[in-house]
Amino acid sequence: MVKDLPTIYDAKSTEEEIYKFWEENGMFKADAKSQKPPYSIVIPPPNVTGVLHMGHALDETLQDILIRYHRMSGYEALWLPGTDHAGIATQNVVEKKLREQGKSRHDLGREKFLQETWTWANKHKSAILDQCKRLGASFDRSRERFTFDKGCSDAVKEVFVKLYEKGLIYKGAYIVNWCPRCQSAISDVETEYETEQGHLWEISYPLKNEAGAIIVATTRPETIFGDVAIAVHPDDHKYSELVGKTVVIPLSGREIPIIADEYVDRNFGTGAVKITPAHDPNDFEVGKRHNLKPIWVIDGEGKMKACGEVPPEFHGLDRYEAREKIVGLLSYKNFLLRTREHEHNVGKCQRCNTTIEPLLSEQWFVKMKPLAKEAIAAVKDGRIKFIPERWEKNYLGWMENIRDWCISRQLWWGHQIPAYYHNQTGEMVVAKENPDPENYTQDSDVLDTWFSSGLWPFSTMGWPDTNSDDFKKFYPTSVLVTGFDIIFFWVARMITMGLEFTKKPPFPTVYIHGLIRDEKGQKMSKSKGNTIDPVVIIDKYGSDALRFTMTSLCTYGGQDIKISDERFEYGRNFANKIWNASRFVLMNLEGVDNEEFDFSKLTIVDKWILNELNNTAKEFNENIKNYRIGETAHIMYDFFWNKYCDWYVEIAKIQLADDSLKLNTQRVLRYVLDMSLRLLHPIMPHITEKVWQLIPQKSEFKAIMLADFPVWNEKLSYPKEAQEMELVFETIKSLRNVRQSFNIPMSLMFDIEIRADKNEKSTFEAIEAYIKRLAKVDKISYSDSTDAPKKSAAAVVSASKIIIPLENLIDFNEEIKRQQKKLDKLIQEKNSLTGRMKNEKFVQNAPKELIEQTKSRIDEISVQENSINDLICSLKA
RNA sequence: GGGCGUUUAGCUCAGUUGGUAGAGCGUCUCCCUUACAAGGAGAGGGUCGAGAGUUCGAGUCUCCCAACGCCCACCA
């Protein structure tokens with residue numbers, strides 16, 4: 001029984017029950033053979049290392065809203081879920097686990113380690129998607145994918161080989177960002193810079209066979225054993241005598257030349273730079289220009305190399321220990337002339353925050369410039385749009401200055417590079433399969449995890465089989481929804497790869513939302529301990545509450561969103577409001593038939609609410625089509641709470657008590673509830689489904705999630721009645737105001753006398769019952785009298801006056817003050833408006849409607865002004 | 001060094017073509033009125049960061065400045 005439904009909405013049990021209902025009925029499954037137009041989204045695949053965090057919750061909610069909206073709007077909607085193998089991140093986690101057991105990956109060996117990681121990945125692969133169920137995610141789990149599964153791996157090989165054959169992938173020795181902890185190269189975008197307080201040491205390099213020295217400033221004295229030259233600017237007169245001479249490296253004694261190169265900034269430090277091509281990107285370039293052979297002095301673990309160039313006492317020392325020892329020795333031997341504080345930016349590994357070591361090594365790269373061309377064009381010519389637009393600039397700026405992408409990683413967990421080397425000759429073959437396993441060994445490096453993510457929109461759809469049903473039906477996808485933090489990592493690469501391999505942009509729109517932050521605006525992170533767990537929020541407030549709150553906080557500009565636990569009360573309270581309003585309607589639907597309401601029997605209030613509903617549906621559709629998703633939440637909140645609940649439901653109580661209106665009112669109540677639930681469903685799927693199922697009405701739809709989404713309907717447009725209803729609202733609000741101002745309890749009914757304007761009298765008569773009930777009025781009388789009312793409060797509404805005789809209840813001085821205050825406000829407004837009308841240029845330039853509007857407002861104010869003046873006079877008398 | 005964002009009520013923030021500012025929370029009154037106290041009714045609260053300009057009219061457009069935040073580049 002409806003009466004037995006609790007007055008507090010039980011989100012937890014409802015959400016569980018409803019999700020099960022959808023899932024068991026296979027309602028999330030998309031049909032590639034459907035005749036309906038396609039609408040598809042591929043999920044930004046979460047890492048298998050992670051658990052659901054607030055960022056996912058927002059991202060997934062927005063996607064689910066779009067998917068559910070389009071599903072209801074007649075599209076064949078596919079939301080394809082999946083996860084990312086997340087190369088370094090996952091390997092780090094598994095290695096950490098091993099370390100706790102006192103083991104390293106090398107103790108296990110590659111094969112065993114991979115087995116271990118697969119087990120781990122398989123265990124966690126579904127965990128995060130299972131958590132998404134709590135959000136109500138309507139994705140198609142039958143199509144779940146993993147960046148490391150067979151299909152995605154085949155796509156990776158296909159792409160690698162094709163790019164290699166086109167000359168767009170090459171292998172070579174360059175300076176890369178090397179993480180000594182991960183012991184792998186990482187790409188430029190995986191390197192984050194932090195400002196650190198360091199030192200600038202000035203070191204003296206004595207000239208060979210003569211007196212004198214050159215003084216060099218460096219932040220990295222530990223690399224001096226790798227120096228191959230000292231460089232000065234060619235035009236620097238200070239040093240012109242020295243160019244071409246030879247100096248001796250302190251502590252090691254190796255001899256190196258002084259060279260001239262324009263790279264040197266004369267104004268920085270001493271104007272002389274030590275050149276260490278193996279450990280600095282700029283020095284590498286200088287070294288190449290001058291044909292200087294690089295010397296490695298730091299190894300992959302960040303330790304001093306045990307080689308001839310490095311004095312034995314430093315062998316195996318950590319780079320920072322070595323730095324300290326070298327500085328000490330330099331100082332002791334008087335090579336160190338000065339030490340200065342120096343603030344500089346230091347590269348850190350995105351995954352483990354270890355300081356990056358620029359290291360010369362042999363790696364695989366993707367030549368980006370040729371690929372970027374089309375990726376730039378697609379955004380410039382509008383085939384791909386970013387929302388908000390400003391991200392286009394960001395994307396283009398990066399793309400136009402793009403550098404080659406280092407794609408090889410010295411890891412085990414990832415797609416192994418499909419290059420094979422002959423065991424004897426070393427000859428290299430790049431192919432999807434090993435040409436001859438007997439004699440060829442595969443490259444031991446794996447690919448950057450973003451290489452496979454970059455193929456995600458099509459590798460998940462069956463590509464390279466372009467004839468697969470999914471690829472034909474659902475590719476390109478309809479939109480990409482993500483945060484701005486992965487535009488370079490992911491979005492740019494999907495666009496590049498999508499265009500190169502499918503000749504189509506993988507999506508026409510990139511919808512970028514803000515990032516979730518804590519209440520102080522700080523990024524949420526485990527180390528800061530300021531994270532909010534979405535599952536905890538769902539347990540406490542409900543999934544719909546979480547979704548509604550987050551959605552309402554989304555702005556079109558994609559601003560970051562600050563949240564705190566309590567903010568979710570907003571959505572929870574709204575869910576509860578929906579629940580209770582629904583309970584009321586359902587309780588009052590007993591005995592109603594299945595017919596739609598009778599247009600001929602609609603009252604002014606019925607027409608008003610239908611008109612409002614209609615406008616709301618129109619606005620909802622317009623807003624969501626323009627990705628103003630936050631706005632959809634606001635208009636639904638306003639419509640449902642402030643219009644349907646606060647006014648229509650209250651007035652419906654009066655109509656339900658009237659036998660001649662009862663049935664049609666029931667039908668309107670039901671209709672508006674039904675449509676409201678449909679409008680709310682994309683944002684709050686569970687509660688709307690639950691309530692909708694309780695509505696006693698046969699429907700052609702099995703579930704609200706499959707019902708038609710409301711659109712604008714000419715037949716429900718009643719602008720005239722909507723206008724007339726203003727009189728109801730104004731009258732009731734003024735009467736309530738009077739009541740409150742004089743502390744008249746609701747239990748005390750009073751009579752009113754309406755001195756109606758002749759155009760408004762019939763409307764007042766039509767709405768008498770509403771005024772009586774909602775303003776607690778006993779009797780209403782009409783009068784044409786212009787006499788001063790005696791000892792009354794009064795309200796001026798539109799062009800009419802309402803007199804409230806309250807002889808013993810009010811202080812007339814207070815009433816005079818009250819009226820005076822209103823009068824002052826009106827006069828102020830009138831002055832401003834008449835001032836405007838006196839301005840000739842305004843009258844000349846302003847649009848006609850505005851002038852008309854201004855005129856009629858002035859007239860209106862004049863009438864009200866007179867009325868109030870009369871009132872004040874009579875009160876004073 | 002270059003670019004972007006933010007600055008509006010006590011707090012958190014909306015504000016689409018320029019027409020004279022809104023919401024939620026909080027505050028103050030009153031109310032258990034038969035859907036809802038996670039509720040209802042009423043009220044108070046802002047010279048829209050500073051300055052200049054365009055315009056009949058600027059929170060909204062232009063310029064400049066300031067504070068805070070972010071991104072990119074990076075000189076050892």
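Treat the numbers as computed from the prediction; the structure is a model and nothing was measured. Here is how names work: the chains are called A, B, and so on, in the same order as the sequence lines, proteins then strands, and each is numbered from 1.
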### Query
Do we see a donor-acceptor contact under 3.5 Å between the side chains of A:Asn615 and A:Glu619?
no

### Task
Write down the partner of B:G69 under the Watson-Crick or G-U wobble criteria, each distance required to be under 3.5 Å.
B:C4

### Query
Going by heavy atoms closer than 4.0 Å, what residues in residues 188-196 of chain A are next to RNA chain B?
A:Tyr193

### Message
Looking only at side-chain N and O atoms, does A:Gln853 offer a donor or acceptor that is under 3.5 Å from a partner on A:Glu849?
### Response
no

### Query
Does A:Lys562 put a side-chain nitrogen or oxygen below 4.0 Å from OP1 or OP2 of B:C13?
yes

### Query
Below 4.0 angstrom from OP1 or OP2 of B:G39, is there any side-chain N or O of A:Lys577?
no

### Task
Write down the partner of B:A50 under the Watson-Crick or G-U wobble criteria, each distance required to be under 3.5 Å.
none

### Query
Quick one: A:Ile8 CD1 to B:A37 P, roughly how many Å, whole number?
6 Å

### Task
Searching all strands shown, indicate the nucleotide that pairs with B:G42 (Watson-Crick or G-U wobble; both distances under 3.5 Å).
B:C28

## Note on the structure
Comparing A:Arg583 with A:Glu840, nearest RNA chain B nucleotide closer to 5' gives the residue A:Arg583

### Message
Strictly by Watson-Crick or wobble contacts shorter than 3.5 Å, is anything paired with B:C56, and which nucleotide is it?
### Response
B:G19

### Query
Think A:Arg857 has a side-chain N or O under 4.0 angstrom from the OP1 or OP2 of B:G19?
no

### Query
If only side-chain N and O atoms of A:Lys653 are considered, is one of them under 4.0 Å from the OP1 or OP2 phosphate oxygen of B:A35?
yes

### Query
Any idea how A:Tyr570 and A:Phe548 line up, ring-wise: parallel (<30°), tilted (30 to 60°), or perpendicular (>60°)?
tilted

### Message
Over 60° means perpendicular and under 30° means parallel, so tell me whether A:Phe639 and A:Tyr644 are parallel, tilted or perpendicular.
### Response
parallel

### Closest-nucleotide ordering on RNA chain B, the 5'-leading residue of A:Lys821 and A:Ile561
A:Ile561

